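Not measured: the values here are computed from a predicted model. Chain A is the first sequence line, chain B the second, and so forth, proteins listed ahead of strands; every chain is numbered from 1. Note: hydrogens, waters and symmetry copies are ignored here, and every other heavy atom, side chains too, is used.
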2 protein chains.
Amino acid sequence: MAAKNKSTRRIKTAKIADVARVAGVSVATVSRALAKPGMVEAATRARVVAAAKRLGYTPNVAARNLRARRSNMALVVVPNIGNAYFGELLRGIDAALTRRGYGLIIANLDLTSTRDNSPDHEERYVDLAAAGQVDGVLLLNGYVPKGPVRTMLDARVPIVAVGERIRGAKFPQVEVDNRAAAREAVEHLVGLGHKRIAYLSGRPRSHLDSARRSGFRDALTTGEGLEWTGDYYFASGVAAAEAMLRGKPRDWPTALFAASDEMAIGFLKTVLAAGVSVPRDMSIIGFDGIDYARFSDPALTTVVVPRRQIGETAGEMLADLMAGSGDVPAHVRLATELRVRGSTGPAPR
Amino acid sequence: MAAKNKSTRRIKTAKIADVARVAGVSVATVSRALAKPGMVEAATRARVVAAAKRLGYTPNVAARNLRARRSNMALVVVPNIGNAYFGELLRGIDAALTRRGYGLIIANLDLTSTRDNSPDHEERYVDLAAAGQVDGVLLLNGYVPKGPVRTMLDARVPIVAVGERIRGAKFPQVEVDNRAAAREAVEHLVGLGHKRIAYLSGRPRSHLDSARRSGFRDALTTGEGLEWTGDYYFASGVAAAEAMLRGKPRDWPTALFAASDEMAIGFLKTVLAAGVSVPRDMSIIGFDGIDYARFSDPALTTVVVPRRQIGETAGEMLADLMAGSGDVPAHVRLATELRVRGSTGPAPR
DNA sequence: CGCTCGGGCGCAATCGATTTCATAATAAAT
DNA sequence: ATTTATTATGAAATCGATTGCGCCCGAGCG
């Protein structure tokens with residue numbers, strides 16, 4: 001008979017009892033030696049650690065989570081993981097959470113300019129991720145998804161919202177002062193002598209967009225304001241430019257304030273291709289401060305949102321909450337910075 | 001006496017036994033009714049489902065994972081989550097994995113141009129994430145991290161590598177034919193009459209870089225080849241340009257092939273600012289095909305890597321492996337596409 | 001009409017840690 | 001020297017599901 005070589009599907013992995021046996025102590029002691037070093041004598045601990053190392057012991061996390069009722073994982077709900085804006089936010093979140101000992105589970109809603117969110121699709125996504133039984137949730141998407149997250153909210157699982165404010169929510173939020181930032185941006189244009197200024201919006205009716213729109217209106221006390229509808233994405237910047245170009249030049253604004261850099265760049269490229277000179281004929285200003293805003297030609301004037309810092313702050317707040325700290329500020333506002341580059345200049349006369 | 005209002009820290013949540021009681025069946029039946037519908041009578045199942053819904057029952061994942069020895073989670077090790085290149089890859093991975101019922105845990109090594117990876121830092125990161133006890137691992141970083149991942153490899157946890165080939169690895173890999181793609185790119189330059197061409201490298205000694213370098217040499221059968229060292233990041237493109245500009249113009253190449261779009265763009269912006277005309281004086285070609293390659297002026301000619309597709313393919317392969325399917329191809333190569341845009345043109349004479 | 005077969009269901013073992021409670025050993029106090 | 005406080009350790013309960021095994025009962029078969 002040939003040797004039995006039916007591949008052993010399951011590899012035996014050392015468990016705590018094995019370590020206990022090798023170290024000559026009880027499982028309780030092993031657990032303590034590894035988790036709370038202060039509670040066990042140095043010599044004993046050394047034996048345990050040695051045994052664990054020799055056996056290649058790794059605690060079974062499922063068992064630990066079950067008993068301890070914690071997972072040391074946070075769920076991050078993000079509209080689109082491929083987006084440069086969220087990418088930087090994620091880096092900050094990851095830095096803070098990792099520093100505090102938490103892992104990251106990502107629920108990517110994968111919203112794009114062409115695919116909007118359908119609640120069931122979304123629920124399925126989040127469901128899956130939330131199934132990881134997380135200790136806390138970070139919402140980057142501006143609302144509380146149905147399903148598990150809602151349940152977790154009821155179950156008092158800590159939640160922190162980032163960027164978008166969530167109406168009526170009782171959990172902490174981190175954002176920038178969008179209204180003031182927008183006002184500052186538009187005032188920059190007004191200061192350059194622009195009178196006819198357009199606002200290219202983000203996703204309408206969101207808090208983010210309303211705030212920026214308000215700031216736009218605040219600054220435009222005189223002159224004429226046009227309000228166009230966009231959705232933050234590149235394509236809507238292109239579309240807005242094309243629509244404008246189809247109209248009569250004398251109806252064109254002399255400056256554009258876009259609610260995102262992506263749209264601003266789409267708009268810029270399109271009008272440039274049509275022979276419009278920027279900033280001589282038209283000034284353009286964006287919002288977000290993504291890296292690529294520097295790469296356009298002319299480089300884009302923009303409102304820099306401290307995404308990394310926002311992410312870190314939110315991550316720290318969530319970590320505090322998960323650790324049981326009660327005194328977390330309800331609302332944190334970080335400062336933006338208007339970065340003037342080549343895409344804005346004096347109004348044409 | 002005042003009512004005891006010491007906030008109930010832990011909210012009671014329905015467990016399977018509660019559902020069983022309400023539905024008037026055993027816990028075993030509840031488990032089966034919810035997990036394997038075929039095994040239980042329709043009427044019974046309906047009662048169980050109704051009871052579960054009424055109680056707002058959600059299975060405790062830790063318990064399930066412990067018993068079933070699965071977590072339905074995959075670990076993704078990514079060099080830098082904020083990077084546009086990896087962002088798109090992640091979208092593909094997420095799409096495939098979610099479709100197949102797996103959640104995503106991210107281990108972000110957070111490598112940047114200025115921060116290189118230190119093994120311990122890295123191990124800590126991955127450790128934390130791996131602690132989620134995942135069913136499979138996706139490596140986007142070109143090597144097997146020490147610690148948990150290595151252990152998992154030994155324990156036969158499925159692993160799939162993406163992009164970078166990992167030397168001597170026994171697990172499947174998904175990539176593009178970097179050598180052929182690089183050759184095609186450089187041949188494009190040669191075809192335009194360029195004789196003196198420079199290669200701006202990625203992180204030296206990586207498989208990715210060696211392959212592209214080889215392709216560069218393959219195509220450069222005649223003429224002169226310069227080889228400069230970069231690291232894929234924007235700043236190294238700038239640095240390379242500055243170094244070149246410090247030299248005598250007659251030593252300059254007439255064309256540059258950069259191992260990444262970011263470097264190409266950094267280089268492009270820098271030489272442009274110095275008064276060099278592109279593509280009249282110098283042609284530039286990048287690698288990757290990131291969205292922002294279109295935004296530069298002139299738009300960047302580049303080798304488009306099907307990142308989304310790579311991600312989906314790798315995700316599917318890992319899902320197959322996790323599901324126990326043995327017949328997964330050992331090596332998948334996807335096609336690249338040379339996209340010619342404005343940054344390349346005939347060699348100056 | 002008796003026997004086998006199998007679908008539907010329940011009992012109880014099991015997964016692998018953490019943690020309470022009790023106990024033994026040691027140090028401190030009187 | 002005896003009591004008390006302190007500390008280190010062990011025994012066993014516990015977290016909440018999944019699943020092997022076996023029972024019951026009705027259908028199919030000879």
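Which of dT18(D), dA11(D), dC9(C) sits closest to the side chain of Ser26(A) comes down to dA11(D). Nearest to the side-chain atoms of Val27(A) among the listed nucleotides dA12(D), dT9(D), dT19(D) stands dA12(D). Proximity note for Ala28(B) (side chain, C-beta onward) versus dT9(D), dA12(D), dA12(C): the nearest is dA12(C). Of all nucleotides listed (dG16(C), dC15(D), dA17(D)), dA17(D) comes nearest to the side chain of Ile16(B). For Arg67(A), the listed nucleotide lying nearest its side chain is dT14(D); candidates were dT14(D), dC9(C), dA17(D). Out of dG10(C), dG16(D), dT18(C), the shortest distance to the side chain of Leu66(B) is found at dG16(D). In this structure, the nucleotide among dA17(C), dC21(D), dA11(D) sitting nearest to the side chain of Arg32(B) is dC21(D). Candidate nucleotides dT18(D), dG16(D), dA8(D) were compared by shortest atom distance to the side chain of Thr44(A), and dA8(D) ranks first.
Residues Phe171(B) and Leu139(B) meet the side-chain proximity criterion, which asks for heavy atoms closer than 4.5 Å. The side-chain heavy atoms of Glu175(A) and His207(A), taken from C-beta on, include a pair separated by under 4.5 Å.
Residue contacts for Val25(A): at a heavy-atom cut-off of 4.0 Å it reaches the sugar-phosphate backbone alone, with no base atom in range.
Counting to the nearest Å, the P atom of dA17(C) and the CG atom of Leu34(A) are 10 Å from each other. Taking atom CZ of residue Arg47(B) and atom C1' of nucleotide dG8(C), one finds them 12 Å apart after rounding to whole Å. As rounded to whole Å, 11 Å separates atom C1' of dG20(D) from atom NZ of Lys36(B). Summarising the geometry, the separation between CG on Asn72(A) and P on dT18(C) is reported as 11 Å, rounded to the nearest angstrom. Put simply, CZ on Arg69(B) is 15 Å from P on dT18(D), counting in whole angstrom units. Nucleotide dT18(D) holds its P atom 12 Å from the CE atom of Met39(B), rounded to whole Å. Distance CG (Asn60(A)) to C1' (dG16(D)): 14 Å, rounded to an integer number of Å. When the P atom of dT19(C) is taken as reference, atom CZ of Arg70(A) falls 7 Å away, rounded to whole Å.
Checking side-chain atoms of Asn108(B) against main-chain N and O of Ile81(B) turns up a donor-acceptor pair under 3.5 Å.
Mapping Val30(B) and Ala63(B) onto DNA chain C by nearest heavy atom places Val30(B) closer to the 5' end of the strand.
A salt bridge between Arg21(B) and Asp18(B) is present, with a side-chain N of the basic residue lying under 4.0 Å from a carboxylate O of the acidic one.
How far NZ of Lys15(B) is from OG1 of Thr58(B): 14.5 Å, rounded to the nearest 0.5 Å. How far OG of Ser31(B) is from CZ of Arg64(B): 8.0 Å, rounded to the nearest 0.5 Å.
The side chain of Tyr57(B) contributes an N or O atom lying less than 4.0 Å from OP1 or OP2 of dA17(D). The phosphate of dT9(D) (OP1 or OP2) has no side-chain N or O of Thr29(A) nearer than 4.0 angstrom. Listed pair Ser31(B) / dT18(D) meets the phosphate criterion, a side-chain N or O lying under 4.0 Å from OP1 or OP2.
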